[in-house]
Each structure stands twice: as structure tokens, then as C-alpha cells.
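Before any comments, here is the structure.
All figures in this text were calculated on a predicted structure; none of them were measured in a lab. Along the sequence shown, the residues carry numbers beginning at 1. Excluded from the calculations below are hydrogen atoms, water molecules and symmetry mates; all remaining heavy atoms, backbone and side chain alike, are included.
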Amino acid sequence: MTFDDVRKFALTWPEVEDGSSYGTPALKVRKKMLARLKEDGDSLVMPDVPVDERAMLVESQPNIFYFTDHYAVYPIVLIRLSKAKRAIIEPFLRRRWRALASKATCAKYDSGENA
């Protein structure tokens with residue numbers, strides 16, 4: 001996958017828009033970061049992944065999931081896009097999207113209405 005692949009499916013969700021964060025392309029929901037491309041051009045910075053969950057991911061799939069010392073104390077995991085498939089990335093993005101999108105938007109989306 002590439003960041004453009006991630007953009008294509010995430011931008012189909014209500015309230016998701018292109019943006020930037022720390023000088024890199026990002027996806028935002030209501031002006032808050034959904035995810036961003038790390039400076040290496042191949043890693044997705046994925047917020048809202050609890051440290052214990054991140055530890056399990058890194059241990060079980062270190063070729064896909066990792067973190068750097070900088071992110072050690074934050075609930076963030078890095079995902080190597082070149083090694084990951086949509087089926088791995090999308091659940092993390094969807095969980096984060098649900099946390100950022102308005103309740104009304106989530107309800108409309110769940111009911112099949114266009115928000």
C-alpha cells in the first residue's frame with residue numbers, strides 16, 4: 001500500500017479531508033489528525049493505539065508494526081505501508097475515524113445514509 005491508497009478509501013468517509021501535519025501529508029477529521037505519512041515516506045503514523053496493544057502488534061508482526069523512541073510514550077504505532085494490506089490498516093483508521101467524527105455523522109454512516 002501507499003499513502004495514496006490509504007487516502008483513496010479514507011476520503012470516502014464523511015468528514016475526512018486532506019491536510020498536513022509536521023510537514024507531511026495527513027488525513028484529518030474535523031481538523032484533528034486521523035493519520036499522517038511519516039517523513040520516511042513509507043510509514044503511517046497511527047494515533048490512538050494503546051501502548052499495550054502496540055506492544056502486541058510489534059511483537060506479533062514486527063515487519064509491519066513498529067515505533068521509534070520518539071513515540072515510546074505515546075499511544076501511537078507506526079505501520080510500514082509497503083508491508084501492510086488494506087485489511088490491516090483500515091480497522092485502525094476506522095476506529096480512529098469513529099473517535100473523531102461527530103456522533104451524528106457516525107449514526108448516519110452506520111444507517112447507510114450519506115452524511
Anything under 3.5 Å between a donor and an acceptor, one on a side chain of residues 49-64, the other on a protein residue two or more places apart or in another chain? List them.
residue, atom, partner, partner atom, Å
E53, OE1, R95, NH1, 3.0
E53, OE1, R95, NH2, 3.2
E53, OE2, R95, NH1, 3.4
E53, OE2, R95, NH2, 3.4
R54, NH1, Y71, O, 2.9
R54, NH1, Y74, O, 2.9
R54, NH1, I76, O, 3.0
R54, NH2, A72, O, 2.8
S60, OG, M56, O, 2.9
S60, OG, L57, O, 3.3

Can you sort out the partners of [X] under side-chain hydrogen bond (donor to acceptor under 3.5 Å, both in side chains), two or more places apart, ordered by chain and number?
X: R96; value: D48
X: T24; value: R36
X: S102; value: E15, T105
X: D40; value: S43, Y66

Open item on the list: So that I know where these two stand, are W97 and Y109 an aromatic pair - ring centroids less than 6.0 Å apart?
Closed with: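 For W97 and Y109, the ring centres are under 6.0 Å apart.
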
- [ ] Kindly give the heavy-atom pair with the smallest separation between L34 and P47, and that separation in Å.
- [x]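 Result for this residue pair: O-CD, 3.4 Å.
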
Open item on the list: Main chain of D5, side chain of T2: is a donor-acceptor contact present, judged purely on distance under 3.5 Å?
Closed with: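 Flag set: sc T2 to bb D5 pair under 3.5 Å.
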
Open item on the list: Treating K8 as the side-chain partner and F3 as the backbone partner, does any N or O pair qualify as donor plus acceptor under 3.5 Å?
Closed with: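 It does not hold such a pair.
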
Task: side chain to side chain contact (heavy atoms under 4.5 Å, CB included) between L78 and F65, intermediate numbers included - done: CA-CA 6 Å; L78 301 172; F65 298 101; over 6 Å; no

Task: For F9, all residues meeting ring pair (Phe, Tyr, Trp, His ring centres under 6.0 Å), sequence neighbours excluded - done: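 If we apply the ring pair (Phe, Tyr, Trp, His ring centres under 6.0 Å) test to F9, skipping adjacent residues, the hits are W13.
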
Task: Pairs satisfying ring-ring contact (aromatic ring centres under 6.0 Å, His included), at least one member in residues 22-61, at least two apart - done: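 Sorted pair list comes back empty.
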
- [ ] To the nearest 0.5 Å, tell me how far L27 CG sits from S20 OG.
- [x]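 Between atom CG of L27 and atom OG of S20 there are 11.0 Å.
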
TODO: Report yes if the side chains of I89 and M1 come closer than 4.5 Å at any heavy-atom pair, otherwise no.
DONE: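 Of all side-chain heavy-atom pairs linking M1 with I89, at least one is under 4.5 Å.
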
Task: Validation row: L81, L37 side chains within 4.5 angstrom (heavy atoms) - done: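 L81 vs L37: side chains touch.
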
Open item on the list: What verdict does the side chain to side chain contact (heavy atoms under 4.5 Å, CB included) test give for I79 and K38, after you've listed the backbone C-alpha separation in whole Å, the side-chain angles of each residue and the deciding distance to 0.1 Å?
Closed with: CA-CA 10 Å; I79 304 172; K38 193 170 179 329; over 6 Å; no

Task: Results of salt bridge (charged side-chain N to carboxylate O under 4.0 Å, His left out) for R30 - residues two or more places apart only - done: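 For R30, no residue satisfies salt bridge (charged side-chain N to carboxylate O under 4.0 Å, His left out) once neighbours in sequence are set aside.
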
Task: Listed partners of R7 passing salt bridge (charged side-chain N to carboxylate O under 4.0 Å, His left out), at least two apart - done: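 Per chain and number, R7 pairs via salt bridge (charged side-chain N to carboxylate O under 4.0 Å, His left out) with D4, D18.
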
Task: Inter- and intrachain pairs under salt bridge (charged side-chain N to carboxylate O under 4.0 Å, His left out), touching residues 72-93, at least two apart - done: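 As it turns out, the salt bridge (charged side-chain N to carboxylate O under 4.0 Å, His left out) pairs with a partner in residues 72-93, which skip direct neighbours, are R86-E90, E90-R94.
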
Task: Results of side chain to side chain contact (heavy atoms under 4.5 Å, CB included) for S82 - residues two or more places apart only - done: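 Side chain to side chain contact (heavy atoms under 4.5 Å, CB included) check on S82 returns D42.
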
